[in-house]
Structures are given as C-alpha cells and as structure tokens.
Q: 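The following block contains the structure, expressed as structure tokens.
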Amino acid sequence: MGTKIKICGITNVKDAMISAEYGADAIGFIFASSMRMISPEKAKEIIKKIPRTVKTVGVFKDAPVKDVNEIVKFTGIDGVQLHGSESPEYCRLIRNAFVIKRLKIDNDTNYENIEAEIKKYNVSAYLFDPGEGSGKVFEWNLLKGVKGPIIVAGGLNADNVKDVIRLLSPYGVDICSGVEKEIGKKDPLKIKRFIQEVRRCSSPV
C-alpha cells in the first residue's frame, strides 16, 4: 500500500478529470470560506463526471453539523475534512461519510500535544498542516512515531514530497497550492509530476 494522494481545492470539472486521469486517490472541495470555495451544486456536477474509484472529500470549518450532513447527502461526497475546532462529539454526528480531522501544527506543538489530541478523536485519519492553504511547510519530525493514519499537508510539491514520505511513510499527502498555476486553477504538469513522484517514493520495494 503506497501513500494516498489527495488533490484539494478543486473548482472545475477539467481539474477534477485531470487529477483522476493521473491517478489521484481523492479530490477535495472546499465548502468553507476560501478563495477556492465551491458551491455544493458545482461540486455535485463535478462528482457525477469523475470515476467512482476517486474518493471525494468536502472541507468544512466550524459549520453547523446539520449543514455538513445536508451537503454530504446533496453532493454524494464520500468524506468530510474538518478544519476548525470541531469536537469529538461533533465528529460522531457526521452521517454517511468518513471523517478526516485536521490538527493544526504551530510553534507550540510537540509530540505529547499531538498524541493527546489524537486520543480524543475516533476518525478515519488525521491531517496535519500549519495553515489553511497557506503553502507553509512545518517541522515533519514532530510526527515521527505518531500512531494512526496521518495525512501531511502544507507546502508540499514534487521536489519535497519524497522527503516527507521517506521520513514518515504517511497514510496520505494532501496538496492544493503546490499544483496550481493560479488560485483555483490547477497545472496539469504539476499534478502529473507530483503524483508520479509520490508513486515512485512510496511503492513497496
């Protein structure tokens, strides 16, 4: 099993299809306030056109759980990624979708903090990044030894993703701005190169 790849911040059918064609395991739609925000109607339209083998994930931040469940039902997304201060109880109220909980990394974060946070949540995976689409890299060594399916985000690109895979062998990597040519528009060559590099680095020897 190699590292899973999620291409986030999808805003149009073309970028979704290219991501699927080049072998992304998942694509992400941002329903929270963002320069890459998409409407549930547009996301639903895109989801209908991509292969079902590609998982679809909606990104939310401190939205009413009722609204999240309604969008899950309306769009047919497979999972939700929660980027706010959502509680373990909130996560348990999500229906008909797997849950990825984002745990923020900052200057005060240490291994003990991370382990304590993970123990609170019963979710499918934990996503670590220092910002919200900021493109910043954090100190990956903080995650060494962390148990549970971890997804690394923040400042990844085709040139540095090999380093995080070799260091952590994460369950997944999540990229947004690192494969863009402009905000909200992906660069097909960057997507292709990133996916190829992840596959090369994470293939079983």
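Computed from a predicted model, the values in this text were never measured in an experiment.
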Q: Flag the pair Thr109 / Phe138 as yes when at least one side-chain heavy-atom distance between them is below 4.5 Å, and no otherwise.
A: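 Sidechains of Phe138 and Thr109: no contact.
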
Q: side-chain contact (heavy atoms from CB on, under 4.5 Å) with Glu112: which residues, sequence neighbours excluded?
A: Asn110

Q: Salt-bridged, Glu70 to Lys73, with N to O below 4.0 Å?
A: no

Q: Just by distance, do the side chain of Glu86 and the backbone of Asp62 share a donor-acceptor pair under 3.5 Å?
A: yes

Q: Spell out, yes or no, whether Leu189 and Ile18 are grouped together once hydrophobic residues are joined by side-chain heavy atoms under 4.5 Å, including indirect joins.
A: no

Q: Report whether Ile47 and Phe74 are members of the same hydrophobic cluster (ILVMFWY, side-chain heavy atoms less than 4.5 Å apart, transitive linking).
A: no

Q: Salt bridge or not between Lys42 and Glu45? Use side-chain N to carboxylate O under 4.0 Å.
A: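 Looking at Glu45 together with Lys42, the answer is yes, because their closest N to O distance falls below 4.0 Å.
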
Q: Val164 and Tyr111: same hydrophobic cluster, using ILVMFWY side-chain contacts below 4.5 Å?
A: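 They do share one cluster, since a chain of ILVMFWY contacts under 4.5 Å joins Val164 to Tyr111.
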
Q: Transitively linked via ILVMFWY side-chain contacts under 4.5 Å: Ile71 with Met37?
A: no

Q: Hydrophobic cluster membership, with links at side-chain heavy-atom distances under 4.5 Å among I/L/V/M/F/W/Y: are Ile183 and Ile38 in one?
A: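 Unlinked, Ile183 and Ile38 end up in two clusters.
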
Q: May I ask you to decide whether Arg199 forms a salt bridge with Asp25, counting only side-chain N to carboxylate O separations under 4.0 Å?
A: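 Yes, charged N to carboxylate O under 4.0 Å.
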
Q: Taking side-chain contact (heavy atoms from CB on, under 4.5 Å) as the definition, give me every residue that meets it alongside Asn122, ordered by chain and number, with sequence neighbours left out.
A: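 Applying side-chain contact (heavy atoms from CB on, under 4.5 Å) to Asn122 gives none.
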
Q: For residues His83 and Arg102, report the shortest heavy-atom separation together with the two atoms involved.
A: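 Closest pair (atom of His83, atom of Arg102, distance): O-NH1, 3.4 Å.
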
Q: Connecting only ILVMFWY residues whose side-chain heavy atoms lie within less than 4.5 Å of each other, what is the rest of Ile30's hydrophobic cluster?
A: Val59

Q: Under 3.5 Å, is there a donor-acceptor pair between the side chain of Lys186 and the main chain of Cys8?
A: yes

Q: Can you confirm whether the side chains of Asn160 and Asp163 place a donor and an acceptor under 3.5 Å from each other?
A: no

Q: Between Thr11 (side chain) and Gly184 (backbone), is there a donor-acceptor pair under 3.5 Å?
A: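 Looks like yes, one N/O pair under 3.5 Å.
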
Q: Would you compute the distance between atom CZ of Phe128 and atom CD1 of Ile114 and round it to the nearest 0.5 angstrom?
A: 5.5 Å

Q: Should we say atom NZ of Lys190 is surrounded by more than 12 heavy atoms from elsewhere, each under 6.0 Å from it?
A: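 Correct, the count exceeds 12.
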
